[in-house]
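Worksheet for the structure shown next.
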Amino acid sequence: MKQLETVIKNPTGLHARPAKVFVKIAKKYQANIRVFNGEKKANAKSMISLLTLGVENGSTIRIEADGEDEDVALAALIQAVEDGLGEAELIGRVAAETDSVQAGSLPEKREPAEVTSDPPPPLDENMLRGIPGAPGIAIGPIYHLKKTEITIEETFESESVEKNQLQTAIERAKGQVARLKASMLAQKADSEAAIFDVHAELLEDADLLGDVIEKINQQQGAALAWQATIDERAKMIAGLDDPLLAARAADLHDIGYRVLRILVGVEGDALGFPDHPVIVVADDLSPSDTASLDRDKALGFCTASGGPTAHTAIIARALSLPAVVSAGVDVLGLENGLNIILNGDEGLLTLNPSDEEVAQAKSKQEAGEESRLAAQEKAADPAITSDGHRVEIAANIGGAAGAREAMKSGAEGVGLLRTEFLFLERRQPPSEDEQFAVYKEIAQVMKNVPVIVRTLDVGGDKPLPYIKMPDEENPFLGVRGIRLCLAQPELLREQLRAVLRATEYGKLRIMFPMVADISEWRAARAMVEEVRAELGVPPVELGIMIEVPSAALMADVFAKEVDFFSVGTNDLTQYTMAMDRMHPQLAGKSDGLHPAVLRLINTTVKAAHAEGKWVGICGELGADMQAVPILVGLGVDELSVTVPAIPTVKAKVRLLNYADAQALAEKALACSSATEVRALVKKTD
Ligand code: PEP
Ligand code: MG
């Protein structure tokens, strides 16, 4: 056994990011490796374990290793700590700032600026305003979601019985998590599906399980041992005051509750629903809770926090559950059983509605259902405005199953094939042949309609385990999208070979994500041309996503060289507003109908049309019913949306008059806020 000491220089100690780097290195070695912070000990190969050490900046840690490769393991870990565990630059910067403060140059203190926003239109007394989370109207009594209180009895049969029970419960929990993941994938909610991967990983954390087993060895029953371990770990992690870790603590509670229910036999309706349909009210819902809401019992839901791009709302849309989010804490004070009307289209709640209000809501509900059915019937027809302007409606898909669904729903093409699904959750990249087979299948399923294959869009916040990349301080602004592919040209080259080989089976086009500078586009195009020459295949249409403001502002330059643009409004809004698209508090404000975003789309469309090129929209905004008239009015040629939205988006376009939509878009560009734009659209509805 060997041991060495070292000092942690990272400004916020051994928090999630450096801990992840540490664990990654430790896992490369056979040796058993432990880390000590004073009396506290952690398994160097378990992130949960390491995080709970609470190592702060300046702490001395002791690393102990035993095994054949103990020397190299220790040397590598000490070196990594000295190199800053991926945060060398940050350490340097903080040190420089500290020096300047010590030298007397204190940073200037500023008064916070006053934040003003438009006053929303006045509401009736019995109404509450939130943000539209998922469309549709629900009428019914509210039910405050409370988890079933579980009482754990102190029982202990024998070590082997308790361990068996634990193992069985964990296996069943893994099965449930796998099913939730599959149901999310079936609803095309791919990123929500990934949350359940984290849960599956936590259910396998050797260190966590080791702790439970230790408690069982000390004659504690499986349920008590499990719950105590989850509580201890989650408390430690949450106490470390790091938002990233807080999310891990919530995930731990989520799996903790799941396993506990199985252990004590409280299965089935974990959310304690009454036996009649209700509108669920909660501060926020965990992804597990939302994904498991029973459509027969939950008519819709309303959350006090959250936002329209948070997981909860995305899952609601995938499940067709009307939802209002970010309605404020007042909703939490409403009486259980109070009748309300939840309007997911407008983000409004009507409390204790009059008979007249209920009748109106019911007729809106019926009209909504009728128009949904009518839209389904006409799904295969084109989307042409009343004055003869056609807009193509395409599908956003993530695989061959999505392509089949898209064809059934009337898609006129695939506007966005997210190829990430092929690359994530594996130990090495998919081979060229494996990729070729998938692209070929999709091309064949879509027959003669175009399929836009977006090249790999990962990196930064979505790292690939088989690509060596330093951890980044600002992953959303880091080496991601096309930047990553150009930095790893072999990865892109293989993908391009696979796509180009598949072009003979359909109408494939290629699109590059996150392009911010013309040099990136030119480098990517050059690689396509090189590979095309090698393979001897005919030219394909090449385009870029407009999702970085610089690309929109330079659209006239790009338009001379590309064949098409597709606006990724999710990222374009994020980067224009400087608001993280998944931030639960900002999500409500980060609205793609903000005039700033609309002006960038307008610039893009004008630049493209001046060069005879076309523009699509492939972000969530394309399926936002209030956005459709404006996007059409701005002259967007194609809307590419999630498969279930295709018929309704087509129907919406058919209700429009192009000249009116153009006038509306002009007015929207002159608005001062997203709220104003939405109010403007509502007036014309
Ligand atoms: C977008 O950013 O709008 C987009 C369509 O790409 P993704 O959501 O995959 O980042
Ligand atoms: Mg994007």
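Computed from heavy atoms alone, side chains included, the values below leave out hydrogens, waters and symmetry copies. Start at 1 and go down the list; that is how both ligands and their atoms are numbered. Here the structure is a predicted model, which means the values were calculated and not measured.
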Test item: E520 and F512 side chains (from C-beta on) under 4.5 Å apart, heavy atoms: no

Per-atom contacts of ligand 1 with L416, taking only distances under 4.0 Å to non-hydrogen atoms: 5 (C)

Identity of the N, O or S atom of D571 lying closest to the Mg ion (ligand 2): OD2

Sidechain-backbone polar pair: K650 side chain, A383 backbone, donor-acceptor under 3.5 Å: no

Non-hydrogen atom of E620 closer than 4.0 Å to ligand 1: no

Ring-face cation of K440 near Y505 (centre distance under 6.0 Å, axis angle within 45°): yes

Atom indices of ligand 1, in the order listed, that fall short of 4.0 Å to a heavy atom of M545: 4 (C), 5 (C), 6 (O)

Under 4.0 Å to a heavy atom of C618 - the qualifying atoms of ligand 1, by number: 5 (C)

T569, any N or O under 3.5 Å of ligand 1 N or O: yes

Heteroatom of E547 nearest to the Mg ion (ligand 2) (N, O or S, atom name): OE1

Numbering as shown, the atoms of ligand 1 that approach G568 to under 4.0 Å (heavy-atom distance): 1 (C), 2 (O), 3 (O)

Electrostatic pair R532-E529, nearest N-O below 4.0 angstrom: yes

Between S431 and D433, a side-chain donor and acceptor under 3.5 Å: no

Nearest neighbour of atom 6 (O) of ligand 1 from the list R454, Q574, R480, M514, on a heavy-atom basis: R454

Main-chain N/O of F423 paired with Y466 side-chain donor or acceptor, under 3.5 Å: yes

M625 vs D345 side-chain heavy atoms within contact, under 4.5 Å: no

